[in-house]
Amino acid sequence: MPGIDSLTAALGGSLSGKRILVRSDLNVPLDGTTITDDGRIRASAPTIAALADAGARVVVVAHLGRPKGAPDAAYSLAPVAERLGEVLGRPVAFATDTVGDAASETVSGLADGDIALLENVRFNAGETSKDDAERGAFADQLAALADGFVSDGFGVVHRKQASVYDVAARLPHAMGNLVGTEIDVLRRLTDSPERPYAVVLGGSKVSDKLGVIDNLLGKADHLLIGGGMVFTFLAAQGLEVGKSLLEADQLDTCRDYLARAEKLGVTIMLPTDIVVDSAFPSGDRAPEPSVVAADAIPADSLGLDIGPDSAAAFAAALGKARTVFWNGPMGVFEVDAFAGGTRAVAQALTEVDGLSVVGGGDSAAAVRRLGFTDDAFGHISTGGGASLEYLEGKELPGISILED
Ligand code: ADP
Ligand code: MG
C-alpha cells in the first residue's frame with residue numbers, strides 16, 4: 001500500500017490495535033435496498049482486509065448518493081455494510097451515525113482486526129460544505145475516531161470534502177491500494193501512452209466531459225464520440241438533432257475542438273448513423289427504435305444510440321489502437337434496444353492489444369450488465385469524474401493532500 005510504511009512508522013511501528021479510518025467509495029447503485037452492482041464494494045475490499053489483517057481496528061467511512069446534508073433512510077449504508085461483510089467474509093459492524101455517540105460506541109467496541117462501517121458521511125452538512133471552517137469542524141469529529149487515515153475512495157479524490165481532504169490534514173495518512181492502482185493506470189495514460197492512443201467518450205454529462213477533450217487533443221491520436229455528447233457536435237456542424245440531448249451554449253466550444261483537432265492531426269470520429277425513437281424510453285411504452293443517417297435525424301425524434309455502421313467503424317478503429325480509455329456509454333444501454341453501440345465498443349476494448357481502461361460509474365455498470373467480466377479489460381476505474389479530471393490535467397485535492 002503506497003505510504004503505508006510511513007503511516008505505520010508514524011503510529012509507532014505497528015498498525016496493531018490502531019484505529020484506522022479508511023475513506024472508501026461504496027457508492028453503489030441501489031434498487032430499493034438491493035445492490036444492483038457491487039463493483040465498488042469488491043474494489044474497496046482488499047485495502048480494508050489488508051488493514052484488518054495487520055491488526056488495525058478498521059473504521060470505514062463512505063457516502064451513498066446525494067442526501068441533502070441530513071439523515072435520509074433512502075440513502076442508508078446499512079445494505080452496503082451487509083454486502084461488504086459478505087464480500088470480505090468477515091463481520092462488519094454498522095454505526096447508525098457517522099460521528100457522535102453511535103459512532104464512538106461502535107469504534108470502541110472494535111477489537112484488533114475488526115471492521116466497522118459508519119453511516120453515510122453525507123448525512124452531515126459539513127462533509128460537502130464549501131466553508132473551510134464548517135468542513136474542518138466535521139473533519140475534527142471524524143479524526144477523533146481514529147489514529148490514522150487511509151484514502152481509498154478514488155471516486156471522490158477530485159472533491160475537496162471533509163472525509164477526503166480535511167481529515168487527511170489531521171491524521172497520519174497513506175494512500176490505499178485502490179487509489180494507488182487507479183493513479184498508476186492514469187499515469188500510464190498520460191505519460192507516454194503506447195500509440196495509437198484512442199479515447200472514447202459518451203454518456204449524458206455533456207458539459208462535464210467536454211473539458212477533457214481540450215487536454216486530450218494534445219495527447220490522444222483518435223477521439224471517438226458517442227452517447228448524449230455527440231448531438232452537440234453534430235449540431236455544431238449545422239445538422240438537425242431533433243429532440244436529442246443538446247448543450248446549445250457549447251456549440252462554439254465543439255466547433256473549436258473540431259478545428260483544432262484538424263490542425264493537430266487528431267481524428268475526431270463521430271457516428272454516421274444513429275438509433276432514434278420518438279420518446280426517451282420509459283416503462284410505459286415499448287421502444288420503437290429506428291436507424292437513420294446522422295445528417296437525417298427527424299425533428300420529432302431523439303438519438304438514443306450510435307447506429308450499427310458507426311458501432312462497426314468505432315470497433316475497427318479501436319482494433320488498431322494500443323491504448324484505449326473509454327468513459328461514457330454510447331447510448332441508453334439500460335434498454336436493450338439502445339445498447340448495441342455500447343456493446344460493440346465494450347467488445348472492441350476486450351480485444352485491444354495493449355492497455356484498455358473503462359472509467360465511469362455507468363460505463364463500468366454497463367459492461368457488467370452486458371455480460372463482460374472485469375478481467376476482460378486492462379482496468380475498470382471506479383471513478384468517472386476523478387479519472388476525467390486527472391486526464392484534464394487538473395489537480396486532485398484528495399491526492400495532493402496525501403503528497404504534502
Ligand atoms: P459515466 O457514469 O460512465 O461517467 P454518464 O453518467 O455520463 O456516464 O452517462 C451515463 C448515462 O448516459 C446512461 O444512463 C445512459 O443511459 C446515458 N446516455 C447515453 N447516451 C445517451 C443519449 N444519446 N441520450 C441520453 N442519455 C444517454
Ligand atoms: Mg454516471
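Remember, it's 1-based here, ligands and their atoms both numbered in the order they're listed. Quick note: numbers below take in every heavy atom, side chains included, and nothing from hydrogens, waters or symmetry partners.
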| field | Any N/O pair Gly303/ligand 1 closer than 3.5 Å | value | yes

| query | For ligand 1, does Asn327 get within less than 4.0 Å through its side chain, its backbone, both, or neither, judged by non-hydrogen atoms? | reply | side chain

| field | Flag, side chain of Arg57 to backbone of Leu110, donor-acceptor distance under 3.5 Å | value | yes

| Which N/O/S atom belongs to Asp362 and is the closest one to the Mg ion (ligand 2)? | OD2

| message | Tell me whether the count of non-hydrogen atoms from other residues, nucleotides or ligands lying under 6.0 Å of CD in Glu392 goes above 12. | response | yes

| For atom 21 (C) of ligand 1, what is the nearest protein heavy atom, given as residue, atom name and distance? | Gly228 N, 3.6 Å

| field | atom 11 (C) of ligand 1 [closest protein heavy-atom partner, distance rounded to 0.1 Å] | value | Ser204 OG, 3.5 Å

| Protein residue, atom and distance nearest to atom 3 (O) of ligand 1, heavy-atom basis | Ser363 OG, 2.5 Å

| Glu182-Thr382 side chain donor-acceptor pair, cut-off 3.5 Å | yes

| message | Can you confirm whether the side chains of Ser76 and Glu119 place a donor and an acceptor under 3.5 Å from each other? | response | yes

| said: Suppose we measure from atom 18 (N) of ligand 1 to each protein heavy atom; which comes out shortest, and what is that distance? | reply: Gly331 O, 3.9 Å

| remark: When distances are taken from atom 14 (O) of ligand 1, the protein heavy atom at minimum range is Glu334 OE2, 2.5 Å

| message | Under 3.5 Å, is there a donor on one side chain and an acceptor on the other for Asp152 and Ser24? | response | no

| said: When you compare the side chains of Glu395 and Ser400, does any donor N or O come within less than 3.5 Å of an acceptor on the partner? | reply: yes

| field | Identity and distance of the protein heavy atom lying nearest atom 6 (O) of ligand 1 | value | Asp362 OD2, 2.9 Å

| Looking only at side chains, do Glu127 and Ser163 share a donor and an acceptor under 3.5 Å apart? | yes

| Considering only the protein, which heavy-atom contact is closest to atom 26 (N) of ligand 1, and what is its distance? | Val332 CG2, 3.8 Å

| task | Begin from the C-alpha positions of Asp131 and Ser129 and carry the test side-chain hydrogen bond (donor to acceptor under 3.5 Å, both in side chains) through to its verdict. | result | CA-CA 5 Å; Asp131 181 73; Ser129 173; 4.9 Å; no

| query | Counting from 1, what ligand 1 atoms have a heavy atom of Phe280 closer than 4.0 Å? | reply | 25 (C)

| query | With atoms numbered from 1 as shown, which atoms in ligand 1 lie under 4.0 angstrom from a non-hydrogen atom of Gly227? | reply | 20 (N), 23 (N)

| said: Any atom of ligand 1 sitting under 4.0 Å from a heavy atom of Gly360? | reply: yes

| Residue and atom name of the nearest protein heavy atom (relative to atom 7 (O) of ligand 1), distance in Å to one decimal | Lys209 NZ, 2.7 Å

| said: Take a 6.0 Å sphere around CD of Glu262 and say whether it holds more than 12 heavy atoms from other residues, nucleotides or ligands. | reply: no

| request: With heavy atoms only and a cut-off of under 4.0 Å, state how Phe338 meets ligand 1: side chain, backbone, both or neither. | output: neither

| request: Using distance alone, with no hydrogens and no angle criterion, decide if Ser151 and Arg23 have a side-chain donor and acceptor under 3.5 Å apart. | output: no

| field | Close-contact set for ligand 1 against Gly203 heavy atoms, below 4.0 Å | value | 7 (O), 9 (O), 12 (O)

| message | Using a 4.0 Å cut-off to any heavy atom of Phe231, which atoms of ligand 1 qualify? | response | 23 (N)

| query | Should we say atom CZ of Arg66 is surrounded by more than 12 heavy atoms from elsewhere, each under 6.0 Å from it? | reply | no

